[in-house]
Amino acid sequence: MGFSVSVSHSHGLSSQLSSSSLLAQQLSSSSSKSTLFVGFPFTSYASTLHGKQCRSQPDLVVYSKRVSGLEEALRIRRECELQGTTKFRRRPPLRRGKVSPRLPVPDHIPKPPYLSSNILPEISSEHQIHDAEGIAQMRAACELAARVLDYAGTLVRPSVTTDQIDKVVHEMITEAGAYPSPLGYGGFPKSVCTSVNECMCHGIPDSRQLQDGDIINIDVTVYLNGYHGDTSKTFLCGDVSGPLQRLVTVTEECMEKGIAVCKDGASFKKIGKRISEHAEKYGYGVVERFVGHGVGTVFHSQPIILHHRNESPGVMVEGQTFTIEPILTLGGIECNTWPDNWTTVTSDGSPAAQFEHTILITRTGAEILTKC
């Protein structure tokens, strides 16, 4: 379960690059600057740069003559693929259904400390680094979260309500002797987050029935023996269109590519760089408002994990646990939050997808703790 932050940042490919090197990069790769091409396919080369006409650069004319027939064919094919990512059947806007009463938790199950207040807790400044015992406890909590999420995904089909999914998740977690972490966190009324179609995250389960062609992110966090395990996945409901399937696939790939750069001593900013590079190939927007976070005995802590290009300082440490949970959209990355103060949807109504894993930093890489 991610959270919203307001952060100052700078994107990669900044003004440190000269005009010639920047244009060369645009010509050699479809991974263009996110601030220029957020949410839109890269379909043509820039005609101007810093107010100057490109034809004023003689070397660019020579370059254009060297493009082979095969390269041109591949470029045209790529443009067609990118243009196809924005063509999807617009679905009716998401509407809030009826929210049922909060489900009870047996008295014998240990509760997290934040239940004493409905005020959203401050993000802890603590970087959660575990010893052998703590790692064992994290593995247990994350393994349970992964099993619950895997089973919740089997419930996704047309006519099922997100409230029904919440009830099953709640029962499965409590029967395992754990507490559903979202329940009561900052006043959140349910045991799981269910975010459908244009909902970026933090959707509240309700009486709305899933429709054929929907996509839904299910975000599960459990509190077991004093440790939180956090994971989410976007599932397909029935016959989902090709563009939406592609969005879901690429979002999962982005998460995996972000995890792949993690290891002891690696810079946190590499995560956002790798995710953005992959998303930009398909013209997808990478949401900046919601971030990953440290997780362990505390639900949300430092480090804050940015999924977009950034220059945030800091390096990973062996034994540290945190989440990586990028959100990608088929359109813009701006969002609106409903009056319930949780449900956040894309401002332009475009679909969004998210994937999340809790990982453990090791000396040589990262162990995915929430892999079922």
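As the structure is a prediction and not an experimental result, all values here were calculated from the model. Here, residue 1 is the first one in the sequence, and each next residue gets the next number.
- Hydrophobic clustering, with ILVMFWY side chains joined whenever heavy atoms are under 4.5 angstrom apart, groups I368 together with I271.
- Distance check, rounded to the nearest 0.5 Å: CG of D348 to CG of L330 gives 9.5 Å.
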Going through the distances and angles, do M316 and F268 end up as a side chain to side chain contact (heavy atoms under 4.5 Å, CB included)?
CA-CA 7 Å; M316 304 167 204; F268 287 114; 3.4 Å; yes
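- Here the rule is side chain to side chain contact (heavy atoms under 4.5 Å, CB included) with Y179, and of T174, L224, I109 only I109 fits it.
- When the side chains of ILVMFWY residues are joined at heavy-atom separations under 4.5 Å, either directly or via intervening members, V148 and V160 end up in a single hydrophobic cluster.
- We find the CD-OG distance between E171 and S191 to be 10.0 Å, quoted to the nearest 0.5 Å.
- Side-chain contact between Y284 and R246: present, with at least one pair of heavy atoms (C-beta onward) separated by less than 4.5 Å.
- Screening H307, H202, H300 against F290 for a ring pair (Phe, Tyr, Trp, His ring centres under 6.0 Å) leaves a single residue, H202.
- The structure places OG1 of T297 at 13.0 Å from CG of N225, a figure rounded to the nearest 0.5 Å.
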Could you walk me through whether D166 and Q164 pass the side chain to side chain contact (heavy atoms under 4.5 Å, CB included) test, one step at a time?
CA-CA 5 Å; D166 176 77; Q164 289 173 311; over 6 Å; no
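- A distance-only check finds a donor-acceptor pair linking the side chain of Q245 to the backbone of V240 [under 3.5 Å].
- We find the CG-CZ distance between D340 and F188 to be 8.5 Å, quoted to the nearest 0.5 Å.
- A single hydrophobic cluster is not seen to contain both M200 and V220; linkage of ILVMFWY side chains at heavy-atom distances under 4.5 Å, directly or through other members, places them apart.
- The minimum heavy-atom distance between P326 and I324, with the atom names listed, is CD-C, 3.8 Å.
- Using the six-membered ring where Trp is involved, H278 and Y282 have ring planes that are perpendicular, over 60° apart on the 30 and 60° scheme.
- Looking at heavy atoms from C-beta onward, T343 lies out of side-chain contact with T337 at the 4.5 angstrom threshold.
- Summarising the geometry, atom CG belonging to N118 is positioned 9.0 Å from atom CG belonging to L115; distances are rounded to the nearest 0.5 Å.
- Both M255 and L328 are members of a single hydrophobic cluster when ILVMFWY side chains are connected at heavy-atom separations under 4.5 Å.
- More than 12 heavy-atom neighbours from other residues, nucleotides or ligands sit within 6.0 angstrom of NZ on K111.
- Proximity of E311 to K269: side-chain heavy atoms (C-beta onward) are separated by under 4.5 Å at one or more points.
- Applying the ring-ring contact (aromatic ring centres under 6.0 Å, His included) test to every pair with at least one member in residues 349-369, sequence neighbours left out, gives no pairs at all.
- Here the shortest heavy-atom pairing between V192 and V169 reads CB-CG1, 4.1 Å.
- Between T162 and L210, some side-chain heavy-atom pair lies under the 4.5 Å cut-off.
- Listed by first and then second residue, the ring-ring contact (aromatic ring centres under 6.0 Å, His included) pairs involving residues 97-120 are Y114-Y185 (not counting sequence neighbours).
- Put simply, the side chain of D131 does not reach to within 4.5 Å of the side chain of I135, judged on heavy atoms.
- In terms of modelled atom types and a separation under 3.5 Å, the side chain of Q211 and the main chain of Q209 share a donor-acceptor contact.
- Comment: R157 does not engage D212 in a salt bridge, judged by the lack of any side-chain N to carboxylate O separation of less than 4.0 angstrom.
- With sequence neighbours excluded, no residue satisfies ring pair (Phe, Tyr, Trp, His ring centres under 6.0 Å) with F235.
- Here K273 pairs with E277 in a salt bridge; the nearest charged N to carboxylate O distance falls below 4.0 Å.
- Of all non-hydrogen atoms in I165 and A152, the two that sit nearest each other are CG2-CB, 4.4 Å.
- Under the 4.0 Å criterion applied to side-chain N and carboxylate O atoms, R208 and D214 are assigned as salt-bridge partners.
- Applying the side chain to side chain contact (heavy atoms under 4.5 Å, CB included) rule to P93 yields the partners R95, E198; only residues at least two apart in sequence or on another chain are considered.
- Residues Q302 and E126 fail the side-chain proximity criterion, which asks for heavy atoms closer than 4.5 Å.
- A donor atom on one side chain and an acceptor atom on the other are found under 3.5 Å apart for N217 and S232.
- With T329 contributing its side chain and G331 its backbone, the two residues share a donor-acceptor pair below 3.5 Å.
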Run the side chain to side chain contact (heavy atoms under 4.5 Å, CB included) check on I327 and T251 step by step: do they pass?
CA-CA 7 Å; I327 303 173; T251 304; over 6 Å; no
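- One N or O on the side chain of Q128 and one on the backbone of G296 form a donor-acceptor pair closer than 3.5 Å.
- A chain of hydrophobic side-chain contacts below 4.5 Å, direct or via other Ile, Leu, Val, Met, Phe, Trp or Tyr residues, connects I218 to L94.
- Of the N and O atoms on the side chains of H228 and T221, not one donor lies less than 3.5 Å from an acceptor on the other residue.
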Please step through side chain to side chain contact (heavy atoms under 4.5 Å, CB included) for the pair Q320 and I129, ending with a clear verdict.
CA-CA 4 Å; Q320 187 174 44; I129 302 170; 4.2 Å; yes
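- With a 4.5 Å cut-off on side-chain heavy atoms, N197 and I215 count as touching.
- Neither side chain, D163 nor S207, offers a donor N or O lying under 3.5 Å from an acceptor on the other.
- When all heavy atoms of H170 and V105 are compared, the closest pair comes out as CE1-CG2, 3.7 Å.
- Judged by distance alone, the side chain of D206 and the main-chain N or O of G97 form a donor-acceptor pair under 3.5 Å.
- For K270, the side chain to side chain contact (heavy atoms under 4.5 Å, CB included) partners at least two apart in sequence or on another chain are V261, S267.
- Looking at E280 and R309, a side-chain N of the basic residue comes within less than 4.0 Å of a carboxylate O on the acidic one, giving a salt bridge.
- In this structure, D230 contributes its side chain and T358 its backbone to no donor-acceptor pair below 3.5 Å.
- Side chains of S100 and K190: a donor-acceptor N/O pair is present below 3.5 angstrom, by distance only.
- With E356 contributing its side chain and M1 its backbone, the two residues share a donor-acceptor pair below 3.5 Å.
- Ionic pairing of E253 and K257 is not present here: no N-O contact between side-chain nitrogen and carboxylate oxygen is shorter than 4.0 angstrom.
- Between F299 and Y223, the ring center distance fails the sub-6.0 Å criterion.
- Of all non-hydrogen atoms in A141 and G229, the two that sit nearest each other are CB-N, 3.9 Å.
- Among all heavy-atom pairs drawn from S195 and G203, the shortest one is OG-N, 3.2 Å.
- For the atom pair NZ of K263 and CD of E318, the computed distance is 12.5 Å after rounding to the nearest 0.5 Å.
- S301 and H127 share no side-chain donor-acceptor pair at under 3.5 Å.
- Legend: residues meeting salt bridge (Lys or Arg N to Asp or Glu O under 4.0 Å) with E367, ordered by chain and number and at least two apart, are R139.
- Contact check for P351 versus L247: side-chain heavy atoms found under the 4.5 Å cut-off.
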